[in-house]
Amino acid sequence: MASISLKNIFKIFEDGTTAVNDFSLEIEDKEFIILVGPSGCGKSTTLRMIAGLESISKGEMKIGDRVVNTVAPKDRDIAMVFQSYALYPHMSVYKNMAFGLELRKIPKAEIDRRVREAAKILDIEHLLKRKPRALSGGQRQRVALGRAMVRSPSVFLLDEPLSNLDAKLRTTMRTEIKKLHKRLGTTFIYVTHDQTEAMTMADRIVVMKDGVIQQVDTPQNLYDKPYNMFVAGFIGSPQMNFLDALVSVRNSQVYLVLSQNEINVTGIFGLDERLLSYADKYVKVGIRPEDITNDEDFVKKNADKLITAKLEVNEMMGSETYLYLDYAGEKIVARVQNTKSENDTPLLAIHTDKIHLFDPNTTVNIML
């Protein structure tokens, strides 16, 4: 098994483009790490550098205690699972899984044992004689995982392995990959642009933007304590609402003055110096859609937390409803309990203890 250390890693292409910028991360042995971010943020390039498929422009990378900057991919004790599956179409499932071991001159009996053991774990024993064209997308992905498993690597690298699957199968395979990680007890590094995959699978998540790490934390901490507006907006679905608010301090009370409402936040933040330094200045208020409620009891008891907005679109989602609202010209979303109301101005209130405050210039969370 292996830990991985990346220190001040850069990837600069020949045209001068910096794809990965000063990337530093310590990955523990047996940890499930997910790199997440929008397309072009550098997450796949980082994974390819760990695999040895891309050279490192600057910095130091270790797998275990060994510096691997110039070590060939085949000598890094890693296995990679690609988005495209990359199966040999003319080979059977068995042969696809065994081929890499045959190249390494592993004894036939040992190859057979490893292939059949992996097939049993992945529930593809009945598919070993089939060719890839006779398999579904989910079955092909299991074969790709099995091909990596038989090598017994110290590190699994997975590059958007579920992106070609339909929504239902992605949900099933998320569970299967998480179970596989626990069973194998191996370090997993997984790349995705899907924050749902990241939140449900990872021990820790690395959020990237423009080649730079924005935050590394557990899924819950990313949700509860986003470092900046990018992380806050990227994690959570629908994404966080952002509103401008003036910080007003009067009679030892702190208020956030929004376009059409005023919220007393003294009971939440107190007279915190970090907030008081913004007196008579604007901040960005982050409110998650699920923290805007239409619960009648809450609305009645919290008249000071009401929000006045015009309903534009009402989307029924089964157990809940998304309300798309116009708030003094700003578009916001509320995720509320199912409602039959067609009221153009629904009664809504904010769970003010859940709001986040950001500096409008640096975009950093000012209360962390």
Exercise. Any side-chain donor paired with an acceptor under 3.5 Å for Thr308 and Gln260?
Worked result: no
Exercise. Picking from Val93, Leu127, Ile124, what satisfies side chain to side chain contact (heavy atoms under 4.5 Å, CB included) with Arg142?
Worked result: Ile124
Exercise. Is the number of heavy atoms from other residues, nucleotides or ligands within 6.0 Å of CZ (Arg250) greater than 12?
Worked result: yes
Exercise. Within a reach of under 6.0 Å around NZ of Lys178, are more than 12 heavy atoms found that belong to other residues, nucleotides or ligands?
Worked result: yes
Problem set entry | Non-hydrogen side-chain atoms of Val212 and Asp22 separated by less than 4.5 Å | no
Exercise. Just by distance, with hydrogens left out, do Ser3 and Asp29 show a side-chain donor and acceptor under 3.5 Å apart?
Worked result: no
Problem set entry | Sequence neighbours excluded, every pair satisfying ring pair (Phe, Tyr, Trp, His ring centres under 6.0 Å) that has a member inside residues 148-184 | Phe32-His181, Phe156-Phe188, His181-Phe188
Exercise. Counting only heavy atoms not in Lys131, do more than 12 fall under 6.0 Å of its NZ?
Worked result: yes
For this session: If a pair satisfies ring pair (Phe, Tyr, Trp, His ring centres under 6.0 Å) and one of its residues is in residues 191-240, list it, with sequence neighbours excluded.
Result: Phe230-Phe234
Problem set entry | Asn264 and Thr266: side chain donor to acceptor below 3.5 Å | yes
Exercise. Are Tyr190 and Glu160 close enough that a side-chain donor and a side-chain acceptor fall under 3.5 Å?
Worked result: no
For this session: Might you confirm whether atom CG of Asp15 has over 12 heavy atoms from other residues, nucleotides or ligands at distances under 6.0 Å?
Result: yes
Exercise. Is there a path of hydrophobic side-chain contacts, each under 4.5 Å between heavy atoms of I, L, V, M, F, W or Y residues, that connects Ile268 with Leu258?
Worked result: yes
For this session: Compute whether any side-chain donor of one residue and acceptor of the other, for Arg204 and Thr218, lie under 3.5 angstrom apart.
Result: no
Exercise. Is it the case that more than 12 heavy atoms not belonging to Phe10 sit under 6.0 Å from its CZ atom?
Worked result: yes
Exercise. Are a donor atom and an acceptor atom from the side chains of Glu197 and Thr192 found within less than 3.5 Å of each other?
Worked result: yes
Exercise. By salt bridge (Lys or Arg N to Asp or Glu O under 4.0 Å), which residues pair with Arg66, not counting sequence neighbours?
Worked result: none
Exercise. Considering residues at least two apart in sequence or located in another chain, which fulfil the salt bridge (Lys or Arg N to Asp or Glu O under 4.0 Å) criterion with Glu290?
Worked result: none
Seminar exercise, completed: Here the pair of heavy atoms bringing Pro346 nearest to Leu325 is CG-CD2, 4.2 Å
Exercise. If you look only at pairs with a residue in residues 86-120, which of them pass as a ring pair (Phe, Tyr, Trp, His ring centres under 6.0 Å), with sequence neighbours excluded?
Worked result: Tyr88-Phe99
Problem set entry | Within-4.5 Å side-chain heavy-atom neighbours: Gln214 and Asn228 | yes
For this session: Is it possible for you to say whether Met149 and Val143 belong to one hydrophobic cluster, with membership spreading through side-chain heavy-atom contacts below 4.5 Å?
Result: yes
Problem set entry | Listed once per pair and sorted, the ring pair (Phe, Tyr, Trp, His ring centres under 6.0 Å) pairs that draw on residues 235-280, sequence neighbours left out | Phe242-Phe358
Exercise. What about Leu87 and Leu122, same hydrophobic cluster or not, with Ile/Leu/Val/Met/Phe/Trp/Tyr joined at side-chain heavy-atom distances under 4.5 Å?
Worked result: yes
Exercise. Do Asp272 and Met367 have side chains that get closer than 4.5 Å, going by heavy atoms?
Worked result: yes
For this session: May I ask whether Leu145 and Leu47 are part of the same hydrophobic cluster, defined by side-chain heavy atoms of I, L, V, M, F, W, Y residues being less than 4.5 angstrom apart, directly or through others?
Result: no
